[in-house]
2 protein chains.
Amino acid sequence: MLEARLSEAAILKRLIDAIKELVTDANFECNEEGLNLQAMDNSHVALVTVNMQASGFKKYRCDRPMPLGVNMNSLTKVLKCAKDDDVCILKAADDADVLSLTYEARNTDRIAEYEMKLMDIDSDTLGIPDTEYDARVTMPSGEFARIVRDLSQLGESVRIEVSKEGVRFISDGEAANGNILLKQTDAPQRSGSSSKKKAKAESDDEEEAQATDEEEQEEEEDEDGEKKVKVKKEKAKKEKVKKEDGDVEMNGDEDEEDADYQQKEDEDEGEEEQDEEEESSSKKRKKPAKNGKPAKKAKKVKEENEDDDGPVGVSIEMNQHVTLTFSLKYLLNFSKSTTLSKKVVLMMSNDVPLLVSYDFGNGFIRYYLAPKIGDD
Amino acid sequence: MLEARLSEAAILKRLIDAIKELVTDANFECNEEGLNLQAMDNSHVALVTVNMQASGFKKYRCDRPMPLGVNMNSLTKVLKCAKDDDVCILKAADDADVLSLTYEARNTDRIAEYEMKLMDIDSDTLGIPDTEYDARVTMPSGEFARIVRDLSQLGESVRIEVSKEGVRFISDGEAANGNILLKQTDAPQRSGSSSKKKAKAESDDEEEAQATDEEEQEEEEDEDGEKKVKVKKEKAKKEKVKKEDGDVEMNGDEDEEDADYQQKEDEDEGEEEQDEEEESSSKKRKKPAKNGKPAKKAKKVKEENEDDDGPVGVSIEMNQHVTLTFSLKYLLNFSKSTTLSKKVVLMMSNDVPLLVSYDFGNGFIRYYLAPKIGDD
DNA sequence: AGCGTGTACC
DNA sequence: GGTACACGCT
């Protein structure tokens, strides 16, 4: 039996929106740690994985692992019936052939229940090509989307070159060629910039902790067997960081996203109960966050993003130069996830599939895309 | 060799946007005075000319005259890759077959370079139909766009009648007829509106000088000898006004734009050199402008336009009544240039092509359209 | 965020 | 040839 209570239906809506064009049917694998989805795109060129951790839900319960075979088209329709800020409850009985979705308006005046048919899907869960990445580029997701959109006007492919200079995106087209160089952002230029920070700072701590987690996760992915283990480890670490300091610079970026989500919840749903999963840690933040501003969440989110904008720069970590060519059509598709995170991470090694990762609070969506060969 | 550095890519974007539907290929004629484009529309009914003076660029260099044969479709694509506030650098080697466009983000963290193929275009540079205009109507460009849009819903043609009463736009359609009368705005309500004016006045003079040239070219057909004279006459007038007051409305508008650009440069690239071209005049404005707000340029521009909006009224100068009929389809197209200037000037004489002119800071875009005959 | 246009699929 | 989906623009 699954019961998962999501604070904002918008998160799920955006996730499904991001992948529905790529994937028509997929299994949501549910277990006590959360929901996972993995699917090849329809043309079997790209791989998508989605993860929503149990901790990202207001309430989460899954007695035993179960796959929910979902048709994205149906789910999209059903999710359109939810308002962005509705609380969304997912329920499925063991071996059920339907998924129940309940939308509760924030004031609880309105309760809508939908039951969506499930299907049996051969879950050819493939091992994720695991790699040790030689280059890792973090950049604002909007910037990535812009570049991909721009270049796809010129040609079908983009060559990505990562060097110490920065990362360069190159496209050759019939009428024109284009190349965009993003230099690595200088560095921690964030100090003393704002007064909002403060509220933020605390969330930063959280964020950073999470970021740390995320980073670790990724690293581990390379040897994925350990991934899970790591996750747990990270969690532990997170708490530790928080306790100790909470002001790690780099993590800050990634954390900020998390912070956003959490902060939002705090503000928007401050009146609500308690976050069970990780409350222990979140409680501390709750108050400070509230102090900041009880106002508009939408605005709040925006501010946060903007705050981050400054902070969210381009950062590059690399062991060696990497040059790869990809189909812009797919990257364009991936960049639909821009709404899920202000930041995107590209992981690359020569001759190995690119990993494009959007991490949001307590979850992520990742895309894998094989490079074109022969730089065609 | 050409190298032209434009403070804001938006200017070029808007220009090309305005003409791309009318013209598919055209030569940008570059010389030390600036860039000029002249082309018949695809159906050879209308003529478009564009001028961007060297003084409108942050930096401008053109060693020797050269034509750049551009496909508007390609250029449109490449320009879409520029953000409105990017600095845009155009470069072409002598006899090059490509035009290089470089976009620098204001923070310079992002540098995008595009190379667009050029083409050889038979520059059948036509003499511009030259006329002695019997009527000159100046009005808010938005007003013109609105009228054209409204009337094109009713019929295919508009009859424009200029009299002392004002200017009247008449359309007869199957389902309905419409006519719009614009009376001349009371009078000089422009005084005291700006302090910036000065610099601009000069460029205005230049433009008129240029206009004169163009007009002269074509004068042959009517009784052109006088045309020039006329233009000059106006010029003299204008100068006179300027000297007396310094607050000539028209000039003011254009000046403001300049001010913006300079201000921006100052702020963003304060470390850079100096504006060579018109610094002498701009300096005066510089300080006051800065005091206001060093912030968003976009906003700044907007403000200026808005500033002008108030002052921009309808003014009519005429020697005799004029009645002409035009295809609304083309006028609708011309009015795409509305974004380039808050003001538009219509120059008309009976049985002679209409001249529709949008002047912006240091340049203009002009359209010529032959009247329909027999008022069909 | 909504509307309109263009592209792709049935 | 029509319908539906996606993308871009206002």
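Scope of the values below: all heavy atoms of this structure, side chains included, with no hydrogens, waters or symmetry mates. A, B, ... follow the sequence lines: proteins, then strands. Residue 1 opens every chain. Note that the coordinates shown come from a computational prediction; the quantities given were computed from them, not determined experimentally.
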Atom [atom1] of [X] and atom [atom2] of [N]: how far apart are they, to the nearest Å?
X: A/Arg14; N: C/dA1; atom1: CZ; atom2: C1'; result: 14 Å
X: A/Met72; N: D/dA6; atom1: CE; atom2: P; result: 14 Å
X: A/Phe334; N: D/dA6; atom1: CZ; atom2: C1'; result: 17 Å
X: A/Asn42; N: D/dC5; atom1: CG; atom2: P; result: 14 Å
X: A/Asn333; N: C/dA8; atom1: CG; atom2: C1'; result: 14 Å

Going by atom types alone, do [X] and [Y] pair a side-chain donor with an acceptor below 3.5 Å?
X: B/Thr339; Y: B/Tyr358; value: no
X: B/Lys343; Y: B/Ser141; value: no
X: B/Asp359; Y: B/Ser357; value: yes
X: B/Ser335; Y: B/Tyr367; value: no

(request) Give me the one residue out of A/Thr325, A/Leu181, A/Ile180, A/Asn179 that meets side chain to side chain contact (heavy atoms under 4.5 Å, CB included) with A/Ile170. (result)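 Of the listed residues A/Thr325, A/Leu181, A/Ile180, A/Asn179, the side chain to side chain contact (heavy atoms under 4.5 Å, CB included) partner of A/Ile170 is A/Asn179.
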(request) Identify the residue among A/Lys13, A/Arg14, A/Lys20 that makes a salt bridge (Lys or Arg N to Asp or Glu O under 4.0 Å) with A/Asp17. (result)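 Among A/Lys13, A/Arg14, A/Lys20, the one that satisfies the salt bridge (Lys or Arg N to Asp or Glu O under 4.0 Å) with A/Asp17 is A/Lys20.
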Name the pairs: protein N/O against N/O of nucleotides 7-10 of chain D, kept only if under 3.5 Å.
none

